[in-house]
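Note that this is a predicted model, so its numbers are computed, not measured. Letters A, B, ... mirror the listed sequences (proteins, then strands); counts begin at 1.
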Protein chains: 2
Amino acid sequence: MKGLKALAAVSALAMWSAAAMAQDAPAAPPPGPPPFQGTDLATGPWSFQTAQADFDVDVVARGLDHPWGLAFLPDGGMLVTERPGRLRLIRNGVLDPTPISGLPDVFAVGIAGLMDIALHPDFAENGLVYMAYSKNSPDGKEQALAVMRARWDGAHALTNVEDIFVSTPWYGSETQPERCCGQGPAFGSFGGRILFDPDGYLYITSGDRNYGELVRDPSNHIGKILRLNDDGSVPAGNPWVGLAGHASEVWSTGHRNPLGLTYNTLTGEIWESEFGPRGGDEVNRITRGGDYGWITVTQGFHYDGTQQEGIRNRPGMIDPVLVYGPPSLNPGNLAFYDGTQFANWHGDLFLASFTQGLLRYDTDVVGMPRGEPEILLKDLGQRWRDVRNGPDGNLYVLSDMADGVVLRISPAN
Amino acid sequence: MKGLKALAAVSALAMWSAAAMAQDAPAAPPPGPPPFQGTDLATGPWSFQTAQADFDVDVVARGLDHPWGLAFLPDGGMLVTERPGRLRLIRNGVLDPTPISGLPDVFAVGIAGLMDIALHPDFAENGLVYMAYSKNSPDGKEQALAVMRARWDGAHALTNVEDIFVSTPWYGSETQPERCCGQGPAFGSFGGRILFDPDGYLYITSGDRNYGELVRDPSNHIGKILRLNDDGSVPAGNPWVGLAGHASEVWSTGHRNPLGLTYNTLTGEIWESEFGPRGGDEVNRITRGGDYGWITVTQGFHYDGTQQEGIRNRPGMIDPVLVYGPPSLNPGNLAFYDGTQFANWHGDLFLASFTQGLLRYDTDVVGMPRGEPEILLKDLGQRWRDVRNGPDGNLYVLSDMADGVVLRISPAN
């Protein structure tokens with residue numbers, strides 16, 4: 001049965017873009033409302049008529065605990081990570097009640113925990129899966145971002161589990177010194193998105209751990225996007241290989257909390273979404289060796305209400321393609337639609353948001369967003385964490401909630 | 001001694017950009033003057049005061065026969081190709097009078113011949129060099145673009161010479177059928193620029209052989225940019241691998257005669273310059289899988305004076321970043337300056353031209369040209385074929401003339 005029939009309107013997001021272009025520093029906004037926790041979701045399915053497509057939305061799985069990352073299996077199933085540290089299997093449209101065993105201990109505090117998952121490019125042959133997670137030091141006082149690799153048996157067990165990457169430096173809330181501007185605790189801002197590009201390189205987003213001053217140090221992994229080979233070794237073509245004082249894993253720098261990372265199959269470019277400070281959320285086109293400015297430049301306000309330190313056009317630093325706020329968007333992942341189910345969405349950019357639904361942008365032929373976004377799925381009241389192209393040409397979204405769901409967006413019947 | 005002291009002015013190139021933006025199709029221009037053959041070059045050196053830098057220009061070598069491509073050796077020397085089919089060595093600032101032996105027969109007719117050269121990324125260890133050239137079929141009736149690989153002994157001999165790539169299809173002027181729009185002979189438009197990116201992939205520009213209709217066929221190498229491994233095999237990550245009816249070597253398509261190709265070390269992007277029809281020369285930012293429009297779209301006029309078939313914004317096709325003409329620019333190679341000798345030129349785009357000197361564009365932090373170009377070296381009356389970053393931070397240019405030169409551009413003494 002079809003439930004809610006709604007028109008998704010192009011919303012008042014126009015004000016965001018306008019604010020973003022302002023060259024005069026605005027006054028600090030008042031503290032925002034408490035974080036949006038989302039609302040209970042009905043059974044569905046739902047039907048929507050929108051600007052470019054009529055589509056149905058149905059629940060693939062529910063009852064997931066803060067699902068974070070999604071990988072499609074060659075057999076049509078899916079693997080889904082849950083932030084508290086579980087890996088779940090959906091097969092033949094059914095969520096397997098038994099989590100997959102063998103994961104390492106995950107430091108799951110606040111927004112830290114088990115994060116994204118990606119399959120090895122030759123997964124069909126080798127069964128290798130990769131997951132990003134926040135990891136405790138042996139004494140439990142410090143943490144780091146890690147990427148594990150494991151062999152999955154196709155059922156309920158991981159074997160050969162090992163970390164192919166652990167970020168440096170380790171540190172924790174206890175060891176954080178005085179930092180500027182009301183930055184949050186060390187258990188926030190881990191990043192944690194991962195993907196393989198067609199050449200088989202693994203990209204990893206690493207957040208600033210709420211210690212933005214460290215991002216400016218090129219010798220660490222804090223606030224960087226990293227590029228590795230599938231075994232964790234460093235590709236010889238990375239931009240700072242062999243340069244003294246530079247971490248060779250780094251592909252780009254100047255990121256705060258990069259929670260989205262996607263490969264646009266239509267252009268071959270990597271794009272990133274980034275949780276900024278208040279009113280400083282960003283979407284960036286990632287170039288090799290690029291510096292995206294944090295903590296020196298942001299268009300947002302620090303959490304203590306002090307002003308942003310820069311706006312735009314700082315020499316050597318790359319401005320975002322899109323910026324949001326205030327109010328903040330709280331972005332999740334992003335994806336360029338490359339499927340065949342929605343002809344009018346070809347190449348469009350979709351951005352998941354905790355507070356503003358699922359944003360869709362028209363794009364031009366080189367993948368640049370055009371105009372204001374269309375807001376989809378906001379009425380469902382969910383905190384959208386992930387958005388993905390499915391191998392069937394449909395779009396899939398995850399909600400980061402205690403009763404989280406996997407939803408499918410398919411053409412209207 | 002210093003010779004000519006001149007101010008290079010920002011020229012009347014403004015008209016080009018303006019014409020490029022016109023949406024109404026202009027009337028066909030009258031046939032242009034005969035090709036510019038250049039003028040005799042004095043001994044030099046020369047000194048120039050320009051908008052962003054004062055520099056000296058001196059002759060590194062002269063008496064080269066249509067030099068086409070340049071590679072810097074680890075010992076500070078250079079290898080230079082001559083279009084008729086010779087490879088020359090410059091060492092300790094002196095042009096070795098003996099050409100290097102061992103090259104295959106080169107089809108050198110018109111603008112075809114021996115073209116670009118690149119060193120293997122591990123050249124210091126393996127001594128491998130790569131050269132693009134136009135190649136005759138056994139019966140001499142048809143030609144193809146080929147890339148040879150050879151081991152150089154560091155003196156006067158190549159060994160282990162083999163073609164790692166030969167374009168398809170073979171054909172020649174005798175076998176060319178009726179084509180539209182006054183396109184030229186099959187011995188024109190081979191492309192022939194090659195480069196290795198930091199990941200060790202080899203890119204090759206392949207021209208349309210003056211048979212633009214073939215460019216639209218994805219199963220051949222005509223009017224494409226190709227990407228190969230160092231042994232000529234196809235990288236698994238190429239955009240059309242495994243797709244029926246598509247040549248797996250292709251990285252991008254829709255090119256006419258791509259005579260320039262460069263890797264911007266500051267952004268990790270590949271840019272291309274392209275000899276278009278009358279008034280349709282282009283500079284393009286190359287994306288994986290991109291279609292740059294030829295022969296369906298061009299902003300120029302065909303040589304028979306018929307109108308261009310498209311202007312801009314054709315769905316699925318990527319417009320050029322820069323376009324020139326009429327009159328045409330006749331572009332050679334291009335380079336983004338990444339050296340340390342000219343602080344004000346950091347990241348700037350340089351484009352060699354046969355008729356308009358050496359163009360310099362300011363760029364923004366993502367490498368996009370800004371504003372009108374500054375014209376350099378036009379007073380020297382040379383057909384500039386190549387421009388390169390030297391390992392010493394200076395710029396080097398080649399003139400494609402019967403008495404061709406290698407010139408060095410270094411800060412004013």
Would D199(A) and R227(B) pass as an ion pair if we require N to O under 4.0 Å?
yes
From CD (E269(B)) to OG1 (T287(A)), nearest 0.5 Å
6.5 Å
Does H120(A), at its NE2 atom, have more than 12 non-hydrogen atoms belonging to other residues, nucleotides or ligands within less than 6.0 Å?
yes
Is atom NE2 of H346(A) surrounded by more than 12 heavy atoms (other residues, nucleotides or ligands) closer than 6.0 Å?
no
Report yes if the side chains of V366(A) and R285(B) come closer than 4.5 Å at any heavy-atom pair, otherwise no.
yes
Turns out that what part of T265(B) lies under 4.5 Å from chain A's heavy atoms comes down to backbone
Measure across R288(B) and G268(A) and return the closest heavy-atom pair with its distance rounded to 0.1 Å.
CB-CA, 3.8 Å
Quickly, which of N313(B), D291(B), D319(B), I318(B) forms a side-chain contact (heavy atoms from CB on, under 4.5 Å) with V365(A)? Name it, please.
I318(B)
